[in-house]
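Here's the structure we're looking at; comments come further down.
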Amino acid sequence: WRGIATESKPYYITTPIFYPNAVPHIGHLYTLVIADILARYRRLLEPNRPVQFLAGTDEHGLKIQKAAQAKCLPTNEFCDQLSTQFRRLADKAQISNTVFMRTSDRVHHAAVESVWNALNAKNLIYKADYSGWYSITDECFYTPGQVTTSPIDPSVTISAETGSVVEWQAEQNYMFRLSSFRDSLLAHYTSDAGKKALFPPQHQAHVVKILTEEPLEDLSVSRPRSRLSWGVPVPNDPEHTIYVWFDALLVYLSGIGYPWGEKGKGWPVDLQIIGKDIIRFHAIYLPAILQALELPLQHRLLAHAHWTVEQKKMSKSVGNVADPFEAMDEFGVDVVRFYLARVGGRFRDDTDWSREQLEKHDREIQSLLGNLLLRVTSPKIAARASGVQHRSLQSVFAEQKIDGPTNERGRALVSLMEAMVSAPKTVRTQMDDLEVGEALDQVMQLLKTANKTFTDVAPWKKSTTPEEAYACCLATLEVLRVTGVCLQPFMPGVAGRLLDALGVPEGERTWADVEGEKSLVWKGTALLVLSSVTIMDLRFQSLAASE
Ligand code: ME8
């Protein structure tokens, strides 16, 4: 497929665009937070490379049309009201999206029309009689093999996969020649790059299975206007409206200015975050459309599992939802973000939303992070170490004031320093592998070690030498600086305040400031303290001086 140069293009990351048929719930916040963590991480890693981050609302289709009717509101007004709620959610949760796209926007309509015309010109769209089972909740047709009789009411037919009610419809539709792309999609997903395209890997195998075993039929991409009037009219045939998913998937193009002529401003997408419920649309339909347009495919797709309530998927249609605004008002934005990432960061299993767990995670931040900062900056501790001549950890160790190998306190400090020096690299590797939960685990583990070391070395005790107390404080402050930098993507507020308290300048909070040359380097039994630690040194000095 004709490529667009990807070097030095902005990093492009997206969330799904949500249906504004009801107010947002925790599931939507979760997807936004995961995408935001990865976007913020990318900015830390490559501070000079812009990140384009798209979120938005998917405003067309029968589901929205019906929801507006039920509220006796004009559809556009209904969408305005609810789209605002999704935007407010993103703002409140400190989501750093650079674009918030609504599919009702004229710019988006123009992009959809342009894609339609391009595919039509290639004879990839045709008109045909079509019949199938339509689900308004899922906004898609199912084949007879994909539906079953409802166990509750045998007169009702439901989707076997989602359980939503379906209705038989026979009509004239425009069809997209999806079937022609089966081989090229399969070739993509079995190529070296394509093998890594879906994460977690189980989805890769599943999509390959679908492409290998299921008949990939052409896709109905319009509905008669008599059934669906809320959407983009088919160019030159206003009696038909473009199918909501065909329209919605093109937001990833319209959101960065498609049609863009020769050079895209950021295409292809580097990373898309979606729920596992919409894999088929993103891993099969969108790549087929992109191949039809001769555009490069998305690089990676992260499909996460669901938040549940009593083991049932939290959903606007079911109404079993937890309110993200309430949670953030009560616990604070950072605590909710932390909980979503810590519990939901493995993406593989569904998780029940639990207030108790939220409280537990709130306490975890307090005890591991808040208390450590309080302990290390307490006047009593500062007084103990303040008599030590100001110098780097390296010299304290080098002068053998601390006996690393034989003294228990020395050993504890040495192993804390080792853990601290290796943590950023491990965290980076895990973030690059999209193992967000593992990465956060690693940071919390380092904080645990630091807390334990502080207790073991006990700088407040007379039996601990002033040199040991001094080294313990410096090492702890350095751990706080490193974890503060690493935690910025997860808890921008808490991490920012921590780094402020430590006196770390705004311009020294990138990944390069904690990993590599600028960070501490542990060599044998000597610690080479580079410029970044001097900041901690000075901070500690000024804390001690102010007592
Ligand atoms: O599907 N747990 O919109 P939607 C985790 N408009 N994530 C959840 C969730 C849950 N219980 N419930 C929803 C649509 N989500 C289409 C998308 S994209 C071109 C069009 C999240 O409002 C998750 O990301 O039903 C899921 O994929 C998305 O919200 C579905 O939102």
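None of the values given here were measured: they were computed from a predicted structure.
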With sequence neighbours left out, what residues match [X] under salt bridge (charged side-chain N to carboxylate O under 4.0 Å, His left out)?
{"X": "Asp58", "result": "none"}
{"X": "Lys63", "result": "none"}
{"X": "Asp433", "result": "none"}
{"X": "Glu213", "result": "Lys209"}

Side chain [X], main chain [Y], donor-acceptor under 3.5 Å:
{"X": "Asp362", "Y": "Leu358", "answer": "no"}
{"X": "Glu59", "Y": "Cys79", "answer": "no"}
{"X": "Gln85", "Y": "Pro24", "answer": "no"}

Legend entry - Worked verdict on Ser135 versus Ser159 for side-chain hydrogen bond (donor to acceptor under 3.5 Å, both in side chains): CA-CA 8 Å; Ser135 156; Ser159 150; over 6 Å; no
Inset, instruction - Examine the side chains of Asp138 and Thr162 and answer whether a donor and an acceptor come within less than 3.5 Å of each other. - result: yes
Legend entry - Distance-only side-chain donor-acceptor flag, Arg223 / Gln169, under 3.5 Å: yes
Side chains of [X] and [Y]: does their closest heavy-atom pair fall under 4.5 Å?
{"X": "Arg509", "Y": "Leu44", "answer": "no"}
{"X": "His109", "Y": "Ser254", "answer": "no"}
{"X": "Leu250", "Y": "Ile289", "answer": "yes"}
{"X": "Leu54", "Y": "Met101", "answer": "yes"}
{"X": "Asp218", "Y": "Tyr130", "answer": "no"}
{"X": "Asp441", "Y": "Gln430", "answer": "no"}

By ring-ring contact (aromatic ring centres under 6.0 Å, His included) - contacts of [X] (at least two apart):
{"X": "Phe86", "answer": "Phe18, His28"}
{"X": "Tyr189", "answer": "none"}
{"X": "Tyr252", "answer": "His282"}
{"X": "Tyr134", "answer": "Phe141"}

Legend entry - All pairs passing ring pair (Phe, Tyr, Trp, His ring centres under 6.0 Å) where residues 31-53 contributes a residue, at least two apart: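 Ring pair (Phe, Tyr, Trp, His ring centres under 6.0 Å) check on residues 31-53 returns Tyr41-Trp511.
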Inset, instruction - Provide the full list of side chain to side chain donor-acceptor pair (under 3.5 Å) pairs with a residue in residues 240-249, sequence neighbours left out, each pair given once. - result: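 Every side chain to side chain donor-acceptor pair (under 3.5 Å) pair that includes a residue of residues 240-249, provided the two are not neighbours, is Tyr19-Trp245, His60-Asp247, His108-Asp247.
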Legend entry - More than 12 heavy atoms of other groups within 6.0 Å of Lys312 NZ: no
Legend entry - Asp153, CG atom: more than 12 neighbouring heavy atoms under 6.0 Å: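 Counting neighbours around CG of Asp153, more than 12 heavy atoms of other residues, nucleotides or ligands fall under 6.0 Å, so yes.
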Legend entry - Electrostatic pair Glu46:Arg42 at N-O distance under 4.0 angstrom: yes
Legend entry - Salt-bridge contact Glu171-Arg225 (side-chain N to carboxylate O under 4.0 Å): no
Inset, instruction - Please name all residues satisfying side chain to side chain contact (heavy atoms under 4.5 Å, CB included) with Arg355, sequence neighbours left out, ordered by chain then number. - result: Glu330, Phe331, Glu359
Legend entry - Contacts of type side chain to side chain contact (heavy atoms under 4.5 Å, CB included), residue Pro233, not counting sequence neighbours: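 Result, side chain to side chain contact (heavy atoms under 4.5 Å, CB included) vs Pro233: none returned.
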Inset, instruction - Please state whether the rings of His304 and Phe347 are parallel, tilted or perpendicular, taking 30° and 60° as the class boundaries. - result: tilted
Inset, instruction - Report the C-alpha distance between Gln272 and Thr14 in whole Å, list the side-chain angles of each, state the deciding distance to 0.1 Å, and finish with yes or no for side-chain hydrogen bond (donor to acceptor under 3.5 Å, both in side chains). - result: CA-CA 5 Å; Gln272 300 202 285; Thr14 66; 3.1 Å; yes
